[in-house]
**Student:** 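Please find one structure pasted underneath; my questions will follow.
All chains are named by letter (A, B, ...) in the order of the sequence lines, taking the proteins before the strands, and each is independently numbered beginning at 1.
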There are 2 protein chains.
Amino acid sequence: MAGRIRSNDPEGVRRRILDTAFEAFQAGGYHATSVQDLLRLSGLSGGALHHHFPTKKALGLAVLRERVAPAVEMTWIAPVREAASAREGIVQVLAAIRSELDRRGAVRGCPLGNMASELALADPDFRTVAAHLFAAWRSAIAAKLREDDAPGDAEALASTIVAACSGAMAQAKAAQDSAALAACANTLAQLLTSPRHDSTMIEPVPAQSRKGRRVSVSSDLAGPVQTELALE
Amino acid sequence: MAGRIRSNDPEGVRRRILDTAFEAFQAGGYHATSVQDLLRLSGLSGGALHHHFPTKKALGLAVLRERVAPAVEMTWIAPVREAASAREGIVQVLAAIRSELDRRGAVRGCPLGNMASELALADPDFRTVAAHLFAAWRSAIAAKLREDDAPGDAEALASTIVAACSGAMAQAKAAQDSAALAACANTLAQLLTSPRHDSTMIEPVPAQSRKGRRVSVSSDLAGPVQTELALE
DNA sequence: CCTAAAACAGGATGATCAACCTGTTCACGA
DNA sequence: TCGTGAACAGGTTGATCATCCTGTTTTAGG
């Protein structure tokens, strides 16, 4: 009567669920993804999912805590902490994200921004976790700004930098074009160029021509926009 | 067998549907709001809704075009256009939004950002409309920046400003605190204070207290507002 | 006044949803 | 080796979903 091979690998199964859910939530959103979608995509059974995560909400919170949070840590916090300056770190991270997006061919937005936007008002638990993740992101940049002896309020500046980056990703997602990220990187680099410490002005835009300009992005809208996830 | 009073007011019914849907989509999101929720909230019948909007997607697109677009026009484009400068306009709009949020007691985020984030990847039609709305918002600020003879690339700067404002609203939504908006306003004001053209420094960090700045956006809202944006 | 079309009302429908439940298989300690 | 509980498999459940259908009222045109 054995219908399916049982690996009996709790950690592996749990990891597969979280990976599949993180991917699907980014691609189509939390509410647009059904648990049956996750079963289909992961190849697991309903019992397995229900064993590890009794409710969809528990799964969503786990995705936030165990996938989105590490993504923020790995993409933003660690690189900024280890960069020479806040300016350097931010520019490098944005460049990395941009190349990653161009390589992928589709822009899916900021993982934290996507889930926070959809779920913050829906449930206080989601909202609290999202608020903490935003705060951690902000704090990492603020700490680096203080380390740089940047003028002004580090917290307020960090808050605006986080806002600009997540907002740029939202714009890039809507336009399916990474130009907004390039603009954000250039503007922030200019903003963070302290005149008294560093006299090197960054160029406004690398390949600029006033009228009909187009930020140089290797692959524009040509690539396949849709992922393999069929979520109409 | 007349069960319900029929007003037979097509425009009014259509308006009520759109208003209810706009409100519900902001409060809970598109997918989290069922059509039965809308019927309950509006007090209308399923037949009425189906007559005006055959599908939920059609309703969602209409909300974007006929409610979100005018909101962007009224909240951002017109005030910025009529302000003394881009800097003045942006600071005033952010102050107006902040006082509106504080008065309301809850932060629901950027109407465009919310719907765009949830629906951009779900459907190309939604994505296209959202992209156009972002572009219109961006263009209005860029035009004002050029009018001010601001240094640098006006389009890139406008893109970052839009990103910062929508991102600040997303953060404020997650934190249920308008501090991110205040930080955004101060940082942008400083960014837009050109040292070579204008030596007035913005006050360092009055995050919660503001001086006697006018919040006269409401008078702008009352004026003649073009409700149709160029959509495709 | 008559007719046709628009503008609704009020369910009906099949699909899909999240949650759960019973049964089976495994790991592991005694 | 036996027992116990974790780790699944696979199907079921009642609710809810978006959509559509039939019937009735109203408006508009001739």
**Student:** Tell me yes or no: between the side chains of B:Ser42 and B:Thr20, is some donor less than 3.5 Å from an acceptor?
**Tutor:**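 The criterion, which ignores hydrogens and geometry beyond distance, is not satisfied for B:Thr20 and B:Ser42.
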**Student:** Any heavy-atom pair between the side chains of A:Glu66 and A:Arg15 that's under 4.5 Å?
**Tutor:**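 No - every pair of side-chain heavy atoms lies 4.5 Å or more apart.
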**Student:** Need to verify one output field. Residue with the more 5' nearest nucleotide on DNA chain C, B:His52 or A:Gly46?
**Tutor:** B:His52
**Student:** Choosing from C:dA18, C:dG10, D:dA6, which nucleotide comes nearest the side chain of A:Ser34?
**Tutor:**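 Of all the options, the side chain of A:Ser34 is nearest to C:dA18.
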**Student:** Please report, rounded to the nearest Å, how far the P atom of C:dC8 is from the CD1 atom of B:Ile17.
**Tutor:**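 Taking atom P of C:dC8 as the reference, CD1 of B:Ile17 is at 8 Å.
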**Student:** In Å and rounded to the nearest 0.5 Å, what is the OG to CD distance from B:Ser166 to A:Gln171?
**Tutor:**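 CD of A:Gln171 is found 6.0 Å from OG of B:Ser166.
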**Student:** Among C:dA19, C:dC8, D:dC8, which nucleotide has an atom closest to any side-chain atom of A:Pro10?
**Tutor:** D:dC8
**Student:** Which one, D:dC8, C:dC8, C:dA18, comes nearest to the side chain of B:Ser45?
**Tutor:**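 Output: C:dC8.
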**Student:** How are the rings of B:Tyr30 and B:Phe126 set relative to one another: parallel (under 30°), tilted (30 to 60°) or perpendicular (over 60°)?
**Tutor:** perpendicular
**Student:** From D:dA6, D:dA18, D:dA9, pick the nucleotide closest to the side chain of B:Lys56?
**Tutor:** D:dA18
**Student:** Side chain of A:His50: nearest nucleotide among C:dC20, C:dA9, C:dA18?
**Tutor:**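 Looking only at heavy atoms from C-beta outward on A:His50, the closest nucleotide is C:dC20.
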**Student:** Return the 5'-most residue of the pair B:His51, A:Lys57 with respect to DNA chain C, ranking by each residue's nearest nucleotide.
**Tutor:** B:His51
**Student:** So which nucleotide from D:dC8, C:dA18, D:dA18 ends up closest to the side chain of A:Gln36?
**Tutor:** C:dA18
